[in-house]
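What follows is a short report on a single structure.
For this chain, numbers begin at 1 and follow the sequence in order. A quick note: this is a predicted structure, and the numbers were derived from the prediction, not measured.
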Amino acid sequence: MSTAMPLPKYHQVYLVLREQLHEGKFSQGVPGELALMEQFSVARVTVRRALSQLAQEGLISREPGRGTRSLVQRHLPKMDAGAHKTQQARLTGLLENLVSMGLRTTVKVLSVQRLPAPHEVAMTLQMQDGELVQKAERVRYTKEGPLSHITTWVPERIASGFGRKELTQKPILMLLEESGVKVGRAQQSISAKLADASMAQHLDIAVGSALLAVNRLIYDTDDKPIQWLHGLYRPDRYEYQMQLSRVGSIDAKVWVSKELSANFH
């Protein structure tokens with residue numbers, strides 16, 4: 001746990017677990033007290049206080065002999081497939097920037113798996129449940145150290161031509177185009193997330209540290225989804241910049257993106 005954060009340890013544990021509950025991570029049951037003690041490196045009393053707070057908020061149910069279960073109903077974010085062509089054009093610079101960033105950093109491939117698409121992945125990539133996908137996990141580095149942890153899902157029919165070796169050498173957008181895909185547009189959301197024990201180890205930070213969470217869905221020129229990406233970035237080494245300009249009359253107060261860039265330190 002982070003000793004620099006001004007929050008009690010139990011509250012840090014509570015915040016991380018609450019976030020994971022809303023992500024649907026514990027649909028099969030919340031880990032037991034001993035597992036949580038080991039994960040967060042805290043005492044039993046700290047874990048119990050965090051679980052008690054979650055129970056008071058109605059997020060979990062604790063029953064003797066039956067363990068702890070989640071009461072959170074997960075609502076999946078929807079990706080709009082009908083974005084306008086003008087919005088697609090504004091994202092061209094972002095896609096080029098992502099490739100540039102990939103060429104200026106190094107990457108460690110943690111795993112590459114070929115597996116049936118989980119339901120959420122299949123829905124997002126407009127595939128049939130059980131259709132094969134490639135799941136790849138990587139950590140990207142700058143000269144200062146780890147920058148991001150990236151998980152990508154690509155339909156196997158597209159990703160069959162590249163694997164661990166190629167993902168180590170080239171940005172995945174380049175590999176997609178080399179596979180015959182013409183990248184069209186991207187839809188992206190950025191939010192915040194707290195680092196769990198696994199992510200803290202990958203990114204060399206304390207458990208409970210704040211991260212930038214990026215979800216990005218890439219489409220080809222036929223407007224079919226070809227890649228779903230989940231990225232977690234250290235905010236001290238990554239920043240996202242937009243230049244905005246107002247259009248329309250002074251009463252409209254509408255701001256649009258003129259140029260997008262994703263920079264890193």
Side-chain angles (χ1 to χ4, degrees), residues 79 83 87-115 117 121 124-125 127 132-190 193 199 202-204 211-242 257 259-265:
M79 290 290 187
Q87 295 171 316
Q88 296 175 30
R90 293 189 185 109
L91 283 168
T92 302
L94 172 60
L95 297 177
E96 293 170 349
N97 184 271
L98 293 171
V99 172
S100 174
M101 185 173 73
L103 293 173
R104 293 159 58 194
T105 56
T106 58
V107 69
K108 177 182 178 182
V109 179
L110 303 179
S111 66
V112 179
Q113 299 174 270
R114 179 176 178 265
L115 70 165
V121 175
T124 303
L125 292 176
M127 302 168 61
L132 291 178
V133 292
Q134 180 197 84
K135 177 186 179 184
E137 293 187 56
R138 293 163 290 153
V139 175
R140 190 165 291 282
Y141 296 82
T142 66
K143 61 182 180 180
E144 287 82 11
L147 164 72
S148 61
H149 178 280
I150 303 295
T151 302
T152 53
W153 301 85
V154 178
E156 175 64 17
R157 66 180 187 276
I158 298 173
S160 59
F162 58 85
R164 179 184 290 267
K165 178 181 177 181
E166 291 77 13
L167 286 166
T168 302
Q169 297 171 340
K170 295 181 180 180
I172 192 168
L173 288 179
M174 291 183 65
L175 294 174
L176 289 172
E177 295 207 326
E178 289 176 1
S179 299
V181 173
K182 295 183 178 180
V183 177
R185 65 182 180 93
Q187 189 168 356
Q188 177 169 281
S189 65
I190 301 176
K193 183 179 174 63
M199 207 53 56
H202 287 312
L203 297 181
D204 193 23
L211 297 170
L212 289 173
V214 174
N215 285 333
R216 183 182 306 128
L217 187 59
I218 303 289
Y219 295 81
D220 64 15
T221 52
D222 293 326
D223 220 29
K224 296 179 180 179
I226 55 173
Q227 178 198 297
W228 196 23
L229 177 147
H230 303 269
L232 293 171
Y233 295 79
R234 285 184 50 153
D236 59 331
R237 292 177 180 162
Y238 179 90
E239 65 181 19
Y240 187 83
Q241 297 180 348
M242 290 186 294
S257 171
E259 181 179 350
L260 300 176
S261 67
N263 297 326
F264 60 94
H265 300 292

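- Here the straight-line distance linking atom CH2 of W153 with atom CG of L115 works out to 5.5 Å at 0.5 Å rounding.
- Considering only heavy atoms from C-beta on, K108 stays 4.5 Å or farther from T106 through its side chain.
- Annotation: the span from M199 atom CE to S148 atom OG amounts to 10.5 Å, rounded to 0.5 Å.
- Ionic pairing of D223 and R185 is present here: one or more N-O contacts between side-chain nitrogen and carboxylate oxygen are shorter than 4.0 angstrom.
- For the salt bridge (charged side-chain N to carboxylate O under 4.0 Å, His left out) test, no residue two or more places apart in sequence or in another chain qualifies with E177.
- The two atoms that bring G163 and Q134 nearest to each other are CA-NE2, 4.3 Å, heavy atoms only.
- Checking each of V154, L125, L217, V181 against I226 for a side chain to side chain contact (heavy atoms under 4.5 Å, CB included) leaves exactly one that passes, namely V181.
- To the nearest 0.5 Å, atoms CG (L212) and CD1 (I190) are separated by 7.0 Å.
- Counting only distance, with no hydrogens or angles, the side chain of R234 and the backbone of L203 share a donor-acceptor pair below 3.5 Å.
- Here the NE2-CZ distance, from H149 to R140, works out to 12.5 Å after rounding to the nearest 0.5 Å.
- Counting heavy atoms from C-beta on, the side chains of H230 and N215 come closer than 4.5 Å.
- In this structure, A213 and K193 approach most closely via the heavy-atom pair CB-CB, 4.0 Å.
- You'll find the side chain of S160 stays beyond 4.5 Å of the side chain of R114, heavy atoms only.
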Test side chain to side chain contact (heavy atoms under 4.5 Å, CB included) on L110 and H202; report intermediate values, then the result. CA-CA 10 Å; L110 303 179; H202 287 312; 3.5 Å; yes
Under the side chain to side chain contact (heavy atoms under 4.5 Å, CB included) criterion, do Q227 and V183 qualify, and how do the steps go? CA-CA 10 Å; Q227 178 198 297; V183 177; over 6 Å; no
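- In this structure, T124 and P225 approach most closely via the heavy-atom pair O-CG, 3.7 Å.
- From R164, atom CZ reaches atom CD of Q169 across 12.5 Å, with rounding to the nearest 0.5 Å.
- A heavy-atom distance below 4.5 Å is found between the side chains of K170 and E178.
- The residues K224 and D222 are annotated as not salt-bridged, no charged nitrogen and carboxylate oxygen being separated by less than 4.0 angstrom.
- Counting heavy atoms from C-beta outward, L167 and L175 have side chains that approach closer than 4.5 Å.
- In this structure, T152 OG1 and I172 CD1 are separated by 3.5 Å, a value rounded to the nearest 0.5 Å.
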